[in-house]
Amino acid sequence: MAADLFGDIQYLKGVGKARSEKYRKIGISSPYELIYHIPRAYLDFRAHVPVCQAPIGDYSVLKLTIFRKMPPQRVRGGLVICKAAATDGTDDILIVVYNNVYYFQAMKEGETYYMYGKVSGNFLRREISSPVYIRADEKVLIQPIYRLTQGLSVNMVRTNMRQALEIMKQSPFETLSDDIRRRYELVPLAQALEDIHFPPSEAASEAARRRLAFDELLKLRLGMSLMKTRSRKSTAYKMDSAVDIEEFTGGLPFELTDDQKMAVSEIIADLCHDTPMNRLLQGDVGSGKTAVAAAACWFAAKNGVQSALMAPTEILAAQHFKTLTEFLEPFGVKVSLLTGSLTAKKKAEMRAAIASGETDVIVGTHAIIQKEVEYRALGLVITDEQHRFGVEQRAALAEKGSSPHRLVMSATPIPRTLALMIYGDLDISVITQLPNGRKPIKTYAVTGKLRHRAFGFVRQRLDEGRQAYVVCPMIEDSESDLFAVKSYAENAANGDLNGYTTALLHGKMRAAEKERVMEEFRSGEVQALICTTVVEVGVDVPNAAVMVIENAERFGLSQLHQLRGRVGRGEYESTCILITDNTSEECVKRMKIMSSTTDGFKISEEDLKMRGPGDFFGSAQHGLPPLKIADIATSTELMHEAQSCADKLLSEDPELSDPQNKALKMDVMRLFSKDIIG
């Protein structure tokens with residue numbers, strides 16, 4: 001059976017069933033997916049040197065003719081060593097291949113090859129170990145290196161890639177019109193795919209990379225916009241604009257900032273439309289997003305519909321419950337908390353109250369999207385720290401109502417262009433101002449040598465009646481890390497914090513135990529809380545004025561900023577002390593950034609530049625296709641061009657239903673799950 005581009009990869013010439021399983025391990029099940037398996041690097045066989053100039057102990061490219069092959073040698077332990085003598089015309093060298101007879105047999109006596117490998121030996125006798133090679137008459141001398149798995153070699157993938165590209169050439173496809181390619185100076189897709197794998201020059205490789213990166217950014221933007229269009233088709237709970245939000249905002253014990261007022265008015269305007277709101281509320285730590293969410297919940301309650309707020313952790317859910325209760329219950333709005341750790345009896349009571357409409361606002365973890373939870377009239381869905389849930393869980397909560405309005409909140413500030421790309425299915429409200437009375441947090445980075453002095457400062461603040469957090473990294477969810485946190489807490493209680501009340505808080509504790517510790521800290525009974533990043537978001541203790549972060553090098557900039565945001569939430573001057581013994585250039589740069597600014601948007605831009613979008617969002621950014629080529633952190637201009645192109649395409653053809661856009665829409669649907677945009 002002949003292979004077609006979208007058929008099973010096992011039918012591609014030279015693949016077969018066994019090798020197809022190896023390909024599936026790296027996410028490749030068709031020739032089409034194979035041609036999008038982009039090289040991770042290239043070998044340039046043009047830059048070859050004579051044998052005598054190859055540095056000992058280093059990698060080089062040599063042009064060698066094999067003049068004698070020796071029979072394979074079997075040694076103890078089953079190892080097979082294959083050797084061949086070769087020359088560059090002046091000097092000889094020994095080629096050594098370990099445990100790969102098939103690979104060695106493909107080399108022929110009398111043939112000339114370009115070989116890349118590690119050269120060892122001495123001035124008189126040299127050898128090259130397990131070299132990567134191509135024939136000297138090969139037309140393309142810049143060769144791809146791929147991400148592999150056991151049982152797949154670079155040469156196998158190259159051979160199969162050529163086969164897949166041949167199939168593509170027989171019926172080349174193009175997703176962009178000639179007009180778009182001319183406008184943005186893009187090479188044809190078939191040429192880009194050929195040149196990304198086997199580039200005749202660096203310029204061709206660069207042009208191919210630019211076209212494929214543009215395609216990725218365009219498809220990401222189109223997919224997110226189509227999701228927005230789909231959600232806008234549905235009707236929702238159209239609320240009454242005659243309900244005066246001033247009744248709520250004017251009754252608060254503080255005045256909202258201008259940014260908060262603007263966000264509230266944008267949200268209320270959305271809630272009064274008959275298409276569902278789909279909005280991202282983005283704000284720095286401590287900027288007062290929960291007060292804005294409370295205004296939306298009050299407005300929904302006054303319109304006779306329920307609101308649900310989903311948080312990623314029980315601690316954060318409990319914090320939101322406490323804050324929303326304080327904001328809303330004086331206005332007669334009933335707030336309830338539903339989490340996985342409640343008893344079966346309490347859960348049943350809570351579910352009954354939700355189904356009957358007795359409760360207006362339901363706060364919880366993913367427990368609020370379980371099948372058995374039914375709402376009387378769910379008109380507003382709010383998710384906090386949305387990047388920890390992702391598209392699918394957000395959709396699951398929305399399905400609990402009849403196309404409810406959706407608000408997602410994030411305290412991870414993201415540069416606006418990136419937010420538009422990642423959250424393209426959402427409108428965006430941004431809060432940059434801090435509430436009145438908040439003082440900027442002073443930040444200092446010190447080495448372990450100054451730890452004792454740093455804790456002297458902590459004790460001084462505790463003596464003044466303030467409280468402190470001490471954060472230890474617990475990167476791996478392992479017993480050894482847990483032991484390290486526990487032993488650190490014990491040492492601190494008996495050492496630098498001796499005589500002060502301390503408590504330990506980490507993710508492996510039971511929910512009830514976590515809540516007890518947090519309550520003791522909130523009430524002031526515990527002076528210093530030694531914890532892991534379980535306090536990263538949402539914990540609000542206004543009296544806490546010192547944050548110490550141990551091994552600060554183990555956290556990203558945005559995470560350090562989140563942690564720092566746990567202090568400075570009251571009237572007291574607050575301090576963050578970063579302790580690290582890492583003196584690498586990158587670490588020093590990060591510590592300087594943290595010490596010089598408290599602007600979350602500046603910090604997020606730096607974080608993005610240093611770590612890239614993959615690490616920036618972590619592995620939990622569910623539902624979005626991974627970017628293989630485009631680098632959002634550095635491809636700003638290309639991203640703007642892709643966005644402009646997507647907006648023009650959608651203004652002319654909102655559903656991408658024109659015949660000329662059919663291939664592009666198919667590609668978008670392959671990237672996104674069909675049920676999200678289909």
Side-chain angles (χ1 to χ4, degrees), residues 253-254 257 283-291 315-316 318-319 322-323 326 411 433-446 450-472 488-489 492-493 495-505 517-552 555 559-580 591 594-600 603:
F254 55 86
T257 64
D284 212 340
V285 283
S287 60
K289 292 181 298 300
T290 314
I315 283 184
L316 184 49
Q319 179 67 54
K322 179 176 176 290
T323 309
E326 288 167 4
Q433 298 166 305
L434 288 182
N436 296 330
R438 289 275 170 92
K439 294 175 182 168
I441 303 158
K442 292 180 177 171
T443 304
Y444 304 96
V446 300
L450 295 176
R451 182 178 282 106
H452 190 63
R453 193 191 296 181
F455 273 97
F457 174 81
V458 174
R459 291 193 298 273
Q460 196 180 324
R461 300 312 303 273
L462 297 181
D463 291 341
E464 290 168 9
R466 304 290 73 76
Q467 289 164 277
Y469 295 96
V470 181
V471 176
C472 305
Y488 178 94
D496 283 318
L497 295 174
N498 191 10
Y500 298 87
T501 55
T502 63
L504 174 64
L505 183 71
V517 171
M518 275 312 303
E519 199 40 60
E520 286 175 358
F521 188 56
R522 278 190 204 103
S523 68
E525 193 180 323
V526 167
Q527 293 171 284
L529 185 66
I530 297 162
C531 52
T532 60
T533 55
V534 76
V535 298
E536 183 185 341
V537 287
V539 176
D540 192 357
V541 180
N543 190 46
V546 188
M547 165 69 70
V548 178
I549 303 176
E550 290 278 7
N551 297 110
F555 302 98
Q559 197 174 25
L560 287 172
H561 183 60
Q562 290 288 334
L563 289 166
R564 174 169 63 183
R566 297 310 102 216
V567 295
R569 303 181 79 82
E571 62 196 274
Y572 309 107
E573 190 170 274
S574 296
T575 308
C576 177
I577 302 169
L578 308 169
I579 302 178
T580 177
M591 296 306 117
M594 287 301 299
S595 305
S596 64
T597 182
T598 53
D599 182 333
I603 286 167

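We're numbering straight along the sequence, starting at 1.
Minimum interatomic distance between P542 and Y572 (heavy atoms only, all atoms of both residues): O-CD1, 3.9 Å. The two residues V517 and A503 make their nearest non-hydrogen contact at CG1-CB, 3.9 Å. Considering every non-hydrogen atom in both Q467 and G524, the closest pair reads NE2-CA, 3.5 Å. Of all the heavy atoms in R564 and M547, the pair that sits closest is CA-CG, 4.4 Å.
One distance of note links CZ of F455 with CG of L462; it measures 10.0 Å at 0.5 Å rounding. Considering CD of Q527 and CZ of R461, their distance stands at 13.5 Å, rounded to 0.5 Å. The distance from atom CZ of R451 to atom CD1 of I577, rounded to the nearest 0.5 Å, is 11.5 Å. Atoms CD1 and CD1, from I549 and I579 in turn, are 9.5 Å apart once rounded to the nearest 0.5 Å. A distance of 12.0 Å separates CZ of R566 from OG of S574, quoted to the nearest 0.5 Å.
Tested against V471, the residues V548, L563, N551, I530 include a single side-chain contact (heavy atoms from CB on, under 4.5 Å) partner, L563.
In this structure, I441 and V567 have side chains that are in contact, with non-hydrogen atoms separated by less than 4.5 Å. Counting heavy atoms from C-beta on, the side chains of L560 and M591 come closer than 4.5 Å. A 4.5 Å side-chain heavy-atom check between M518 and L529 finds at least one atom pair inside the cut-off. Between D599 and I603 the shortest side-chain heavy-atom distance does not fall below 4.5 Å. Put simply, the side chain of Y469 reaches to within 4.5 Å of the side chain of V541, judged on heavy atoms.
Contacts of T598 classified as side-chain hydrogen bond (donor to acceptor under 3.5 Å, both in side chains), with partners at least two apart in sequence or in another chain: none. Under the rule for a salt bridge (Lys or Arg N to Asp or Glu O under 4.0 Å), the partners of E326 that lie at least two apart in sequence or sit in another chain are K322.
Although no hydrogens or angles enter the test, the distance criterion places no donor-acceptor pair under 3.5 Å between the side chain of E550 and the main chain of V470. Judged by distance alone, the side chain of T502 and the main-chain N or O of Y500 form no donor-acceptor pair under 3.5 Å. Listed for the N543 side chain is a donor-acceptor partner under 3.5 Å among the backbone atoms of G465. Between the R569 side chain and the A544 main chain, no donor and acceptor come within less than 3.5 Å of each other. In this structure a side-chain-to-backbone donor-acceptor pair under 3.5 Å is missing from T575 to K442. When atom types are taken as modelled, the side chain of T501 and the backbone of E525 share a donor-acceptor pair closer than 3.5 angstrom.
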